Protein chains: 2
Amino acid sequence: MGKPKAPRGQGRERVVAAALELFSERGVSGTSLQMIADHLGIGKAAVYYQFKTKEGIIEAVLAPAFEQMRRIIADAEASESQQEVATAGLCNLVIAQREVVAALSHDPEVRRFLEMHSEAAELILQLGRMLLGPEPDTRRRIAVSLFGGGLASVGIDPQLADIGDEALRSELISLGQFLLKA
Amino acid sequence: MGKPKAPRGQGRERVVAAALELFSERGVSGTSLQMIADHLGIGKAAVYYQFKTKEGIIEAVLAPAFEQMRRIIADAEASESQQEVATAGLCNLVIAQREVVAALSHDPEVRRFLEMHSEAAELILQLGRMLLGPEPDTRRRIAVSLFGGGLASVGIDPQLADIGDEALRSELISLGQFLLKA
DNA sequence: GTCTATAGCCGGATAGAC
DNA sequence: GTCTATCCGGCTATAGAC
């Protein structure tokens with residue numbers, strides 16, 4: 001009864017992968033559906049068969065990152081040391097989803113998307129609050145902003161391309177804890 | 001003999017100011033010349049009178065930041081403690097040119113611009129080298145990347161809007177020195 | 001210095017053939 | 001599931017009137 005042909009969702013995944021690659025090179029506004037289609041060697045209408053709108057593609061590209069954020073928040077909430085678990089979780093997220101995080105965390109089109117989908121925006125705010133801890137002073141607030149903003153860039157910095165995932169992860173976590181204790 | 005009417009360059013500055021504001025909200029790709037014209041209450045062709053191409057506008061928006069970078073590099077080179085002077089200079093740059101730095105440092109269109117204008121790209125690389133110092137280890141390289149990427153975000157983080165320039169500057173410099181000594 | 005008008009191209013999105 | 005053809009609107013850029 002399995003359907004060997006046209007396995008559901010495979011086309012979607014190919015579109016999402018191509019979109020992510022192009023988004024990270026040219027930004028969301030700078031990427032047209034035509035480019036995505038060309039990249040896959042298909043027609044523009046074939047892309048529309050998978051996603052009715054461009055926003056739908058953005059949503060699908062972002063989805064796995066937000067899923068992981070939900071897990072991080074759940075883990076941190078279940079832990080005694082919220083701040084440390086959240087910090088490590090964020091570092092893991094950056095490693096596991098380099099391209100999604102780096103390509104989209106500073107994209108103006110994604111910012112607009114988040115303004116229209118407050119459940120997603122709330123996840124980011126919640127993670128921020130966990131890093132801040134209760135009653136943060138000015139220095140801590142700046143340190144958290146610096147760390148959060150920096151994390152996104154580190155993921156795709158070409159100058160760090162020779163550093164393996166494990167080394168990067170452990171140094172990031174260490175630097176994060178260091179910064180947030182400053 | 002002064003010419004009270006049509007003071008040279010004033011029109012250009014108004015275009016640049018409007019462009020910067022829109023670039024920071026919508027990104028470069030997401031900003032059309034029509035939007036810039038509308039924002040100034042003039043026609044699209046009036047913008048073309050000041051700048052022959054959109055790239056010309058990008059160049060003019062970036063110019064002051066690169067000028068300041070040149071000064072920072074010159075100052076650091078003349079100093080004994082290159083790394084500290086460069087770090088402080090970068091923090092000052094972020095404060096003085098928040099919008100330019102934040103809006104454009106992660107913009108894919110600007111990245112493409114830099115690939116075509118290697119003199120400008122070289123300034124950024126040179127500053128990076130000054131922060132790294134001679135023979136940096138892995139941890140230092142990651143710290144520099146984290147700091148550089150984070151600086152850009154801090155400048156426009158709405159959550160830090162209540163912090164004055166002076167407080168922000170001194171904390172940033174302090175956090176920078178702290179991070180680079182980690 | 002700003003305007004209208006227009007060229008020519010490309011954007012997102014849809015309809016319908018195969 | 002992919003294609004061609006098409007709609008309509010917006011884009012950069014130019015020409016020329018005022």
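Given the structure is predicted, the values throughout are model-derived calculations rather than measurements. Chain naming here is simple, since letters A, B, ... match the order of the sequence lines and numbering starts at 1 in each. Every heavy atom of this structure was used, including side-chain atoms; hydrogens, water molecules and symmetry mates were not.
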From C-beta outward on B:Gln50, which listed nucleotide comes closest to its side chain: C:dA13, D:dT4, C:dT2?
C:dT2
B:Gln34 side chain, from C-beta outward: closest of C:dA15, D:dA15, D:dC11
D:dC11
Is the phosphate of D:dT2 approached by A:Tyr49 (side-chain N or O, under 4.0 Å from OP1 or OP2)?
no
Please classify the nucleic acid contact of B:Ser29 as base, sugar-phosphate, or nothing, using heavy-atom distances under 4.0 Å.
nothing
Measure CD1/B:Ile36 against P/D:dC11 and give the value in whole Å, please.
11 Å
With nearest nucleotides of DNA chain C determined for B:Gly41 and A:Lys44 from heavy-atom distances, which residue corresponds to the more 5′ nucleotide?
B:Gly41
Please determine, for the side chain of B:Lys54, which listed nucleotide (D:dA13, C:dA13, C:dA15) has the closest atom?
D:dA13
What's the closest nucleotide to the side chain of B:Ala46 if the choices are D:dT2, C:dG11, C:dT2?
C:dT2
Interatomic distance, B:Leu40 CG vs C:dT2 C1' [rounded to whole Å]
12 Å
B:Tyr48 OH to C:dA7 P: how many Å, rounded?
17 Å
What's the CZ-C1' distance between B:Phe51 and C:dG1, to the nearest Å?
15 Å
Note: for A:Lys52 and A:Met35 on DNA chain C, the residue whose nearest nucleotide lies more 5' is A:Met35
How close or far is atom C1' of C:dG12 from atom CD of A:Glu109, stated in whole angstroms?
13 Å
A:Ser29 and B:Arg26: side-chain donor and acceptor closer than 3.5 Å?
no
Should B:Gln68 and B:Gln97 be marked as a side-chain hydrogen bond (donor to acceptor under 3.5 Å, both in side chains) after you check the CA-CA gap, both sets of side-chain angles, and the distance that decides it?
CA-CA 9 Å; B:Gln68 190 166 343; B:Gln97 318 239 16; 3.1 Å; yes
Backbone of B:Ile95 reached by a side-chain donor or acceptor of B:Arg169 within 3.5 Å:
no
If the cut-off is 4.0 Å, is B:Ser32 near the phosphate of D:dC11, judged by side-chain N/O to OP1 or OP2?
yes
Not counting sequence neighbours, which residues clear ring-ring contact (aromatic ring centres under 6.0 Å, His included) with B:Phe51? List them please.
none
What is the distance, rounded to the nearest whole Å, between atom CG of A:Asp38 and atom C1' of D:dT2?
14 Å
Given atom CG of A:Leu33 and atom P of C:dG11, what is their separation to the nearest angstrom?
9 Å
Given D:dT4, C:dT4, C:dG12, identify the nucleotide with an atom nearest to the side chain of A:Ala45.
D:dT4
Exam field: side chain B:His39 to backbone B:Met35, donor-acceptor pair closer than 3.5 Å:
no
